[in-house]
Amino acid sequence: MFEKNTPRLIIIGIVLLWAVYALYPTFKYQTLDPDELETLRQTGKLDELEKRTIRRGLDLQGGMHIVLEVDIQTLYENLASNRNEKFYDVLNAARERAEKTEQDFARAFMTETEANELRLRRYYPDFGSSNQAIMSALENESVDAINRALEILQNRVDQFGVSEPTLQKQGNRRIIVELAGIQDPDRARALLESTAQLEFVLLKDPDITQDFLTRIDRSLRGREELVEVTGDTAVGMAEAGETTEAVQTRTAQEKEVTLTELFGETAPEDTTEEDTSSVLVDEQLFEERPFSSLLRNLGNDLGVPEQNVFAVRRILEMANTREILRAGAGRLAWSTDREFWNSPDGAQEAFFRLYHLDAEPGLTGGVIEEATEDLYNGQPIVSLSMNSEGAKTWSRLTGANVGRRVAIVLDKKVHMAPVIRTKITDGRTQVEGFSNMAEAKDIAIVLRAGALPAPVDIIEERTVGPSLGLDSIQMGTRSIIIGLVLVLCFMVIYYKMSGIIAAFAVSWNLILVLAVLAMLKATLTLPGIAGLILTVGMSVDANVIIFERIREEFAKGKTVKAAIDSGYSRALTTIIDANVTTILAALVLMQFGTGPLKGFAVVLFWGITISMFTAIFTTRTIFNVVTSRRHLQKLSI
Amino acid sequence: MRFLKETHINFLGMRRFGFVVSGALILAGLVSLFLQGGPRLSIDFEGGTLVQIQFRENVDISSIRTALEMINMDNSEIQTFGAPNEILIRLKTFQETESLTAQLSNSIKQVLPHEELEFRRIETVGPKIGSELSSKALLAVFSAIAGILIYISIRFEFKFAMGAIAALVHDVLITLGIFSIMNYEISLAIIAAFLTIVGYSLNDTIVVFDRIRENLKRFKQESYVSIIDRSINESLSRTIITSLTTFVVVFTLWIAGGEVIRYFAFAMIVGVIVGTYSSIFIASPVVVIWQEKAGRGESS
């Protein structure tokens, strides 16, 4: 290649300077003391510095990796109008088909549409006239939905305050979110999954609710699904009746009824997913009023003991119940948080509230212009302001319903249901009912960022606690140092002077790989550390191949210079052939790997590529310099 | 300092012995795989949930099992992980982690009221993603092998590619078998280790092949078998030194790299040993056998 040493030394010098430049921010960041860190944070220079340091993967610093999938089925459902049973049948059949055949939902929906001769035009009048046109319009909608979801989630995460969040699209249905160093996984999860659909819905009158309960009770009484639970227990007269103090009605007559008893043979296997294998009911009441006996009267609201939640849900899912709800133009919604009451024996018991609401919302969240978290009388609140159209509707709604209650529903759960005291004309509203400031802040964030076009489901989640990350990095660093020292010692003992040159080249190799990682903004993961260790092995191998060749050439009686020359030239093809295969494996891994695997592949790829530079070019230059200065008769190898 | 002066070992003469040893190892692995109904796949591929909990004091697995029974999760797998105060729980199903951590910490606190626990790691993978990952992993392994096959066919000859592939399949089968016998599970990281083994094994094989290619040009009058034996002997000291140093490196990783990376390092250790062995006793003999068959075909 180069006969003269000067150009070689210049190249080596430039690479060295570049490596120092690339690694300096990482070095500086690692050695900052807390005070300096704080100053930098305040001046805003920390972000800049962090951007140029080697990023540590979630396994090394703790954090969350979440894969979200956009729920296309719900998107299709939301876009459709005039939905009827037939439409739902096709939708559900499509879901089953997609699950069974691992097909894309859109494709499964198309197949089912054709099989059932469903005319899509009926449900999607604005999307085209033929089924074909509507399907492609729906496909466009779902592509649009994922792009909007990505944007909205990006907004939410940016305001959440974690350092360097990454969001990326995977395929056309999924979004990968990585949040490094996160402290509260539950909060992050809620923030991501919230569809942020805000609705203001009027509550039904208590009388209507009472009537509704009676209807359900009547429809359920004596039904086969509900097996009689009287048995042989002699039960005294229950202190029945509509006592307002629900707590006191809970007497000794209450009995645990298993769900199998409640639903007979139809008890589903999936009961295990809810931690309620039995419910608390008053036996006497249960016979007469199978539904309302599961509830407790809390003045104006319905309370559901936590143990009964599952049973109540089952009943609400029954076709009859749904029909009764539909007939009364109503719907039921749960409260967000569990509350506690004291049972007679002094133990605390959890319950949820159940609200009976109008089916149609009076106002939806699209009109929200600004949402900020705040404190009011020491309580965390979210203040909302609406655009003019929203303010008009809100004013009309509140004006016409003074004295009634309006539920503020976020993602189908009721946050609070205050009584409307006066007409609100300026479109300003406060939402209370947050357990802490962080929750209020998160809700303000999701309301500001807007509603997701379709719900997203978490389909993969990996959370590493910060302490495990710390352990990993300590152990990883320790093992790489031990391994490196052992190997370098061996090289120096085995190849003496030349071994020192090789040791230098191997350390060089490591430094350059780290510099490349810093420049590429790549992430160093635990498998990445394994990749570094493997790089050491491969780098040593290249030197061993060269040195063994040189020894062979010496054995043939060649001079120092001639032996080095032919040693290097013969080793060159071997090293290239051998390394290219490993590079191929690394490239394949880079292509298919996600997260940690990718980290490994990136390190391995660069490690081997750089190893060819350090082992062949750098060591050769050093040998050249050493042999040209004095005329060596013997080489220490 | 030198380990080896010139050696003249008749490696190819031992090839039957090598085939018997490899055959026995592969067979043992396959039997174990058959008995266990295939490799033990991690949640990465099958979907499911993994929870790693650290306690302040050492815990008894049976009390954790009691706690899991209370929330109907007693069909899950529990084991200590690394230290006796750290346990790993594997659930077969995808769980909503929000309710899962609450349920777990509640029930564990009921059984062990004075313990403090810390959730160190929670991973949960939906079944759909799992099956996608398996097909992707298979695709990766096969495309890596295909790429390597093409490269070797171009740089050497097709028969060398066959030898290299035989060695590589041999190495992966043995490692897979040993993982099955040890009852270790195959995760995504292990697939990465497998691909690295593939790379390492080939690296080793190609160094020998390279020497064979060179010697074939230099000693035209010598027999094929003796040229191969000569080549293996000539590159033997390099093979040993490199394997030793790589072994030292992955061995440190295994000892000191921490629990998470231990299985990865174990796969690499097996890979280094088997890869070194196969480049001598499998790859080159296969090239010879291929050559002999081809030669016979020409002469007849």
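Lettering of chains follows the sequences in order, A, B, ..., and the numbering in each one begins at 1.
Using a 4.0 Å cut-off between charged side-chain N and carboxylate O, B/Glu234 and A/Arg570 make no salt bridge. Salt bridge annotation for B/Arg211-A/Glu548: absent, with no cationic side-chain nitrogen under 4.0 angstrom from a carboxylate oxygen.
Looking at B/Asp210, only its side chain comes within 4.5 Å of chain A, counting heavy atoms on both sides. At a 4.5 Å heavy-atom cutoff, the contact between B/Phe119 and chain A is made by backbone atoms alone. Contacts of B/Arg120 with chain A are made by both backbone and side-chain atoms, with heavy-atom separations under 4.5 Å. Looking at B/Asp44, both its backbone and its side chain come within 4.5 Å of chain A, counting heavy atoms on both sides. Heavy atoms of B/Val249 lying under 4.5 Å from chain A belong to its backbone as well as its side chain. Contact annotation for A/Ile493: both backbone and side-chain heavy atoms come within less than 4.5 Å of a heavy atom of chain B. The parts of A/Val464 that come within reach of chain B are both its backbone and its side chain, each placing non-hydrogen atoms under 4.5 angstrom from that chain. Only the side chain of A/Glu69 comes within contact range of chain B, with at least one heavy atom under 4.5 Å from a heavy atom of that chain. Of the atoms belonging to A/Met538, it is side-chain heavy atoms, and not backbone ones, that fall under 4.5 Å from chain B. The contact between B/Tyr200 and chain A is made by backbone and side chain atoms together, counting heavy-atom distances below 4.5 Å. For A/Phe547, no part lies under 4.5 angstrom from a heavy atom of chain B. In this structure, chain B has heavy atoms under 4.5 Å from both the backbone and the side chain of A/Ile482.
Of all the listed residues (A/Val540, A/Leu526, A/Leu486, A/Ile608), the one sharing the greatest number of non-hydrogen pairs under 4.5 Å with chain B is A/Leu526. Among A/Gly62, A/Ser479, A/Gly465, the residue making the largest number of heavy-atom pairs under 4.5 Å with chain B is A/Ser479. With chain A as partner, the option from B/Leu202, B/Leu50, B/Ile261 having the largest number of non-hydrogen pairs under 4.5 angstrom is B/Ile261. Among the candidates A/Ile533, A/Val487, A/Leu587, the residue making the largest number of heavy-atom pairs closer than 4.5 Å to chain B is A/Ile533. Residue with the most contacts toward chain A among B/Ile129, B/Thr196, B/Thr246: B/Ile129 (heavy-atom pairs, distance under 4.5 Å). Contact count against chain B (heavy-atom pairs under 4.5 Å) is highest for A/Asp577 among A/Thr582, A/Asp577, A/Leu584, A/Thr574. Between chain A and the residues B/Met268, B/Arg238, B/Arg121, the most heavy-atom pairs under 4.5 angstrom are made by B/Arg238. The residue among A/Arg478, A/Gln474, A/Lys496, A/Glu552 with the most heavy atom pairs within less than 4.5 Å of chain B is A/Glu552.
Between the side chains of A/Ser467 and B/Glu118, at least one donor N or O lies within less than 3.5 Å of an accepting N or O.
Taking the side chain as every heavy atom from C-beta outward, B/Asn203 and A/Asn579 approach each other to under 4.5 Å.
More than 12 heavy atoms of other shown residues, nucleotides or ligands fall within 6.0 angstrom of atom NZ in A/Lys556. The environment of B/Phe219 atom CZ is dense: over 12 non-hydrogen atoms of other residues, nucleotides or ligands sit within 6.0 angstrom.
To the nearest 0.5 Å, atoms CG (B/Leu253) and CD1 (A/Ile529) are separated by 9.0 Å. Between A/Tyr494 atom OH and B/Leu244 atom CG the span is 9.5 Å, to the nearest 0.5 Å. Summarising the geometry, atom OG1 belonging to B/Thr252 is positioned 11.5 Å from atom CD1 belonging to A/Ile481; distances are rounded to the nearest 0.5 Å. The CD1 atom of B/Ile148 lies 11.5 Å from the CD1 atom of A/Ile583; values are rounded to the nearest 0.5 Å. For the atom pair OG of B/Ser237 and CZ of A/Arg551, the computed distance is 7.5 Å after rounding to the nearest 0.5 Å. Taking OG1 of A/Thr581 as the reference point, atom CD1 of B/Ile152 lies at 6.5 Å (rounded to 0.5 Å).
Nearest heavy atoms, A/Ala578 versus B/Val207: CB-CG2, 4.2 Å. Nearest heavy-atom pair, A/Tyr495 versus B/Ile241, reported as atom, atom and distance to 0.1 Å: OH-CD1, 3.5 Å.
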Q | Working for side chain to side chain contact (heavy atoms under 4.5 Å, CB included), residues B/Val248 and A/Phe490 | A | CA-CA 10 Å; B/Val248 165; A/Phe490 171 80; over 6 Å; no
